[in-house]
Structure formats: C-alpha cells, structure tokens
Amino acid sequence: MKVNLALRFMLEMCGLVAVSHWGFQSGGGFLMKAVLGMGSPLLMAIVWGIFVSPKGPLRVKGSGRVVLELIIFSVAAFALYDVGKPSLAIMLAILAVVSSIFNHLLEQQRSFAEIVRRGR
C-alpha cells in the first residue's frame, strides 16, 4: 500500500510538471507562456485538492473519484504527447490507470473490513 501511495504522489508531481511544461511550450508570447505554464498546474492542483485528495472538502467517493483521477491524469498525458513526448505520455497513462485501480480496490477492501469489524 505504501508503494502505491508513493507512486501516486510521484504521478501527481509528474502530472503537474507535464502540464507546466506544456504551458511554457504552447503559449504564444512570454505572457501567455507564463500564464499557461504556471496557471495550468495551479488549476490542476486546485481540482485535485478539492475533489480527489483524501482530506478534500468536496471529495468524490468511489468509482466517480477514479474517473476524475483518470481524467486529470489524461490531461497530463495529453500535455506530454502534445509537446512531443509520446513515450512519457504512454508511461504516465499506464501507471496512472494501474495505480488508480489498485488504490480503488484497496479502499473497497478497507471498507469491507470495516463493515465486517462493525458487524462483530
């Protein structure tokens, strides 16, 4: 479980770096590059912090959270693909899918164990 948490943290950081890199590469002028390069990871971090993080105020639960995680990671993977890094995009996407599914299964197992424990 700790390995998956470390992997998820690294994937989150890679996603932030990916969208930042995309922003700095895609912007038309200096101002637009700065806005996209700093604004896109900020927006991604805000969405993650509110809806996905364990202590987020509006945390989405269950499979809805998995879908939201995969959308966020897909944006990061597309950003990598768009700046000419398709192999990194594929690697990020595959690791994100595996980690998200594994995390969801672990949470279901914990929920089931909690139900069993309360029933005793």
_Centroid separation under 6.0 Å, is that true for the rings of W48 and F73?_
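Yes, the ring of F73 comes within the 6.0 Å limit of the ring of W48, centre to centre.
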*Please answer whether the main-chain N or O of L16 pairs with a side-chain N or O of S20 as donor and acceptor at a distance below 3.5 Å.*
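Here the side-chain-to-backbone pair does not exist.
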*asked:* Quick one: does any side-chain atom of S63 pair with a main-chain N or O of V66 as donor and acceptor, under 3.5 Å?
replied: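 It does not hold such a pair.
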Are [X] and [Y] grouped together when hydrophobic residues (ILVMFWY) are joined by side-chain heavy atoms under 4.5 angstrom apart?
| X | Y | result |
| --- | --- | --- |
| L7 | L80 | yes |
| I72 | V75 | yes |
| L70 | L11 | no |

_One pair to check against side-chain contact (heavy atoms from CB on, under 4.5 Å): V52 and R59. What are the steps and the verdict?_
CA-CA 5 Å; V52 180; R59 185 168 197 247; over 6 Å; no
*Search all heavy atoms of A93 against all heavy atoms of A77 and return the closest pair with its distance.*
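Scanning both residues, the minimum pair turns out to be CB-CB, 4.2 Å.
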*Looking only at heavy atoms, what is the nearest atom pair of V83 and H21, with distance?*
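Closest approach of V83 to H21, heavy atoms only: CG2-CD2, 3.5 Å.
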Nearest 0.5 Å, what's the [atom1]-[atom2] distance between [X] and [Y]?
| X | Y | atom1 | atom2 | result |
| --- | --- | --- | --- | --- |
| K85 | I90 | NZ | CD1 | 14.0 Å |
| C14 | F9 | SG | CZ | 10.0 Å |
| K33 | Q25 | NZ | CD | 6.0 Å |
| L105 | N4 | CG | CG | 10.0 Å |
| M38 | L43 | CE | CG | 14.5 Å |
| S99 | M10 | OG | CE | 12.0 Å |

_Candidate pair V67 and I71, rule side-chain contact (heavy atoms from CB on, under 4.5 Å), full reasoning_ = CA-CA 6 Å; V67 170; I71 289 170; 4.0 Å; yes
State, with a plain yes or no, whether a side-chain heavy atom of [X] is found less than 4.5 Å away from one of [Y].
| X | Y | answer |
| --- | --- | --- |
| F24 | L36 | no |
| I46 | L42 | yes |
| M13 | V17 | no |

*asked:* Show, in sequence, the C-alpha distance, side-chain angles and deciding distance for E12 and M44, and conclude whether the side-chain contact (heavy atoms from CB on, under 4.5 Å) test is met.
replied: CA-CA 10 Å; E12 292 167 27; M44 184 182 224; over 6 Å; no
*So, E69 and R8, do they make that salt bridge, N to O below 4.0 Å?*
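A salt bridge links E69 with R8.
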_Please check if the number of heavy atoms outside Q109 that lie under 6.0 Å from its CD is greater than 12._
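Open.
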_Name of the residue among I94, I101, L95 meeting side chain to side chain contact (heavy atoms under 4.5 Å, CB included) with V97_ =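 Option passing the side chain to side chain contact (heavy atoms under 4.5 Å, CB included) with V97: I101.
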